[in-house]
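This report concerns only the one structure given below.
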Amino acid sequence: MLRAVVTTFVLLCLTSLSWSSQSIQSKAQPDVRPRLGLVLSGGGARGFAHIGVLKALEEMRIPFDVIAGTSMGSMVGGGFAAGYSADEIRDITLSVNWPRMFAPSADREKLSWHRKEEDREGVGRREIGVSAQGVKFPAQFVPSQELDIFLQRVTEPVNSVNDLSQLSIPFAALATDLESGARVVLQKGVTLSQAMRASMSVPGAYAPVEYGGRLLVDGGLVDNLPVGQARSMGAEVVVAINVGTPLSKRKSLDSVVGIMGQVVNLLTEQNVQASLKELQQTDIYIAPDLSGFNSGDFMRSAEIIERGYQAAIARKKDLEVFSVSQEQYRAWQQARAKEMRRVHSHKLSGVRIDGLKVVNAKRVLSDIDINAQGEVQNEEVAEAAREIWATGDFQRVPFRFEPGPYNTEVLVFEPQEKDYGYSVLRFGGNLQSNFQEANTFNVILSHSWSWLNSWGASWNNLLQLGEVKRIVSQWHQPLGAASKFFLMPQVNYKWEPFELYDQSGNSLARFRNESFDAGLYLGYDMGRFGRIKAGGGWLDTRTKTEISLIGMQAKAQAYYTEVSFEVDTLDHASFPTKGLLLDASVRRALSPDAQHMDVIDGVSYDVNIWKPLKLGDRTTLLLSGRYARAPQAGNFNIGGVFNLSGSPYGRYAGNRVNLARAMLYHDVSRHVDLFGMPVYLGASFEFGRAFDEGDPSQGWQLDRQWKRAGSVYVAVDSWLGPLYLVAGRTFGEESAVTLYWGQLH
């Protein structure tokens, strides 16, 4: 009897120990846990909250088995699936130069010379295609070049993976078929960077992405919170994070932008509600409090990340059910990190340009400085892609690496040619008003037609109407597909008024200058930073009376020779912080036929120089000057904003001009949020004069006295160009408050 009792007791103890061991083992083994899926919604900049959520989940030691994401959720979720930690994703995000990411064009220093010239003229960078079939607008408002480079760089360790289910955590991104409206799952036969790019192609902002014969845009239109996708990948329990923008109230629906944003949000909200119905009782749903943040608040990423972290911490009790031991989680993290093969350089055996139909590949190769038979760093390749894109010939320039012989790689650029063609229109202009009698404006229309032959010929035309009327037409013909030498025939017509004033500042008479010249030049492009050209032509100039008690006129005709030298490395046409502008030309008349225009017998010249000096992180001193001599009386006008501020536009005119100025401006954008546009406070001091060397009997402007002026101003680098409000005074003479829109001259 005793033996039986003892035996029973021992068996009970052993059974208890076995159950206890199994219980401990079940808690330690992740394979007996439910398969856990992470679902991350789209939401633009609000999607940075996902990073904070991931940070909290790491602290709670919660591993995931599958991830599905849309738009910004695909970027954050894809990075985590590839093997990045939450801290690494946060560091990458905070290091992004968002203004550069969303810039409408390449850095100014990299632009082609023609684009820099137009930039100084005040021509905008937005293009409209024009052909016999009519006008065609670009498919995107925001160029995706910097985004493409960013995605290629951060996903490079796994860019050889073409099945995203093979990442350290199986992953899928969602996109929308623009043609059919169908939901598209991006997982098989696609790289991570391609999936991210397609999933976040916001319609109208970024161009659609072609994939598998389809045009894809942002997946938020059909599945912004892809709960069903995570289920289809095997998730038994879902943790869903929704950062979508809530619907706006009626008071916010009073503009085109507000209405368009609401339409997109309506589509998104409808499919999110459908996804929420798929959640089960065991699932966890988190919607961080992102009140006060919108989808465009990219500069507030740190704050948004913190909101996401706090939202996840608030659900800590529910989430910790899925925690594993510290040892298990560390092993899981180490296994993921091994997948992130850090690639910093590539050994090349060649460079190739693919996919071109219009642009000559030889020209593209000549625009980059890459050692095709050596080792290159990642950033070198990214810079080369930027250089190609900055030519203005392409919408975007993605690149990839292909396996080459003997453990080398072939660098392949795939420039995307303009879908709206190479005949384009651009618009610009300027306006100046002192809110009284001095009001001037100019409207500029630019037309460029490039790649008219295999060597890259372009026909460039400019029409200006307003206070000054101009017509310019030039043909730029490179002397070879990759040659820096070019021929440039051009014609130029200019009509410009000027006035004569008495000592009291009263207008005595009004005249106009008309000039026409036709020339042929041989030139050399010194990379993107400068140009030198020499040539000659024929010039016809006339000065005519418009309003005067005594009619006066002058005219001249002459053949001429000319040499010009130009350097432009400024980083901005109006608010530069670095670089140099030097524009110098010398022209000499040959056997002139002149009547009352003595200057035509001599040498004409024009030297203009700008040099910015950075005095601090946000403060710049811009020194500039001009020294010029022309054949016509009143050829140069000064007066108005920063050209003897306080005096009216064109107050001083002559065929000689001397002007020096110093402009100090400080960026106050961190204190003034004006829709993300840079705002400056500044002051200027100007010193100059304009006078005529012509025949005194003609009564031109003979006053050679130097004038001094100064101003204080506030300026905005707006989406439509620089805008200034200036309070200026020409000392001893006039004062004015002036509104000016346009590039500085």
Side-chain angles (χ1 to χ4, degrees), residues 101 105-106 110 112 127 129 138-140 142-162 164 173 175 178 186 189-201 206-217 343 346-373 376-404 408-422 450-451 454 456 481-482:
M101 181 76 77
S105 66
K110 298 180 183 297
S112 67
E127 296 182 335
Q140 61 185 9
V142 180
S144 65
Q145 182 60 36
E146 286 299 326
L147 176 62
D148 291 337
I149 289 175
F150 172 77
L151 294 178
Q152 200 281 338
R153 183 177 71 248
V154 299
T155 64
E156 186 176 29
V158 295
N159 259 352
S160 60
V161 178
N162 284 283
L164 304 185
L178 184 59
L186 297 168
V190 64
T191 66
L192 182 57
S193 63
Q194 291 170 333
M196 290 177 173
R197 172 68 177 83
S199 182
M200 62 186 303
S201 293
Y206 289 121
V209 173
E210 187 168 349
Y211 166 74
R214 291 173 157 181
L215 281 180
L216 304 184
V217 294
V343 180
H346 303 265
K347 186 177 181 181
L348 298 183
S349 58
V351 178
R352 194 172 76 240
I353 309 295
D354 280 358
L356 297 185
K357 297 179 180 179
V358 177
V359 180
N360 193 317
K362 291 182 180 179
R363 170 67 64 83
V364 178
L365 288 173
S366 72
D367 284 325
I368 59 177
D369 183 18
I370 288 285
N371 184 358
Q373 300 294 323
V376 296
Q377 303 296 312
N378 291 337
E379 192 53 36
E380 289 182 76
V381 180
E383 280 300 309
R386 291 187 181 102
E387 292 283 349
I388 297 171
W389 179 57
T391 61
D393 291 331
F394 307 106
Q395 293 183 185
R396 50 192 291 257
V397 185
F399 58 89
R400 67 178 191 276
F401 293 93
E402 291 183 352
T408 63
E409 294 176 285
V410 177
L411 172 59
V412 183
F413 291 99
E414 298 178 292
Q416 181 181 331
E417 295 180 329
K418 295 179 181 178
D419 56 10
Y420 51 92
Y422 286 88
S450 55
W451 289 101
S454 62

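Worth knowing before you read on, the calculation uses all heavy atoms, side chains too, and leaves out hydrogens, waters and symmetry mates. Each residue takes its place number in the sequence, starting with 1.
By the 4.5 Å heavy-atom criterion applied to side chains, R214 and E210 are not counted as neighbours. Counting heavy atoms from C-beta on, the side chains of L216 and P208 never come closer than 4.5 Å. Residues V359 and E417 form a side-chain contact, since some pair of their non-hydrogen atoms from C-beta on lies under 4.5 Å apart. The side-chain heavy atoms of Y420 and E127, taken from C-beta on, include a pair separated by under 4.5 Å. At a threshold of 4.5 Å between non-hydrogen side-chain atoms, the residues M196 and T155 count as touching. Residues F413 and V351 have side chains in contact (heavy-atom distance under 4.5 Å, counting atoms from C-beta outward).
Between E387 and K110, at least one side-chain nitrogen of the basic residue sits less than 4.0 Å from a carboxylate oxygen of the acidic one, meeting the salt-bridge criterion. Salt bridge annotation for E414-R400: present, with a cationic side-chain nitrogen under 4.0 angstrom from a carboxylate oxygen.
Nearest heavy atom pair, residue T391 against residue D367, reads CG2-OD2, 3.5 Å. For the residue pair S349 and V410, the shortest heavy atom distance occurs at OG-CG2, 3.7 Å. When all heavy atoms are compared, the tightest approach of S366 to A482 is CB-CB, 3.7 Å. Heavy atoms only, all atoms of each residue included: L186 and A195 are closest at CD1-O, 3.6 Å. Smallest separation of non-hydrogen atoms from L348 and N371: CD1-O, 3.7 Å. Pairing each heavy atom of I368 with each of A384, the nearest pair is CG2-O, 3.5 Å.
Side chains of Q194 and Y211: no donor on one and acceptor on the other come within 3.5 Å. With no hydrogens or angles considered, no side-chain donor-acceptor pair links S193 and R197 at under 3.5 Å.
For the pair R396 and Y206, the cation-pi test (distance below 6.0 Å, angle within 45°) is failed.
Checking V209, L178, L147 one by one against S201, the side chain to side chain contact (heavy atoms under 4.5 Å, CB included) holds for a single residue, V209. Of the candidates Q152, R153, E156, N378 forms a side chain to side chain donor-acceptor pair (under 3.5 Å) with just one, namely E156.
In terms of the ring pair (Phe, Tyr, Trp, His ring centres under 6.0 Å) criterion, residue partners of F401 (sequence neighbours excluded) are, by chain and number, H346.
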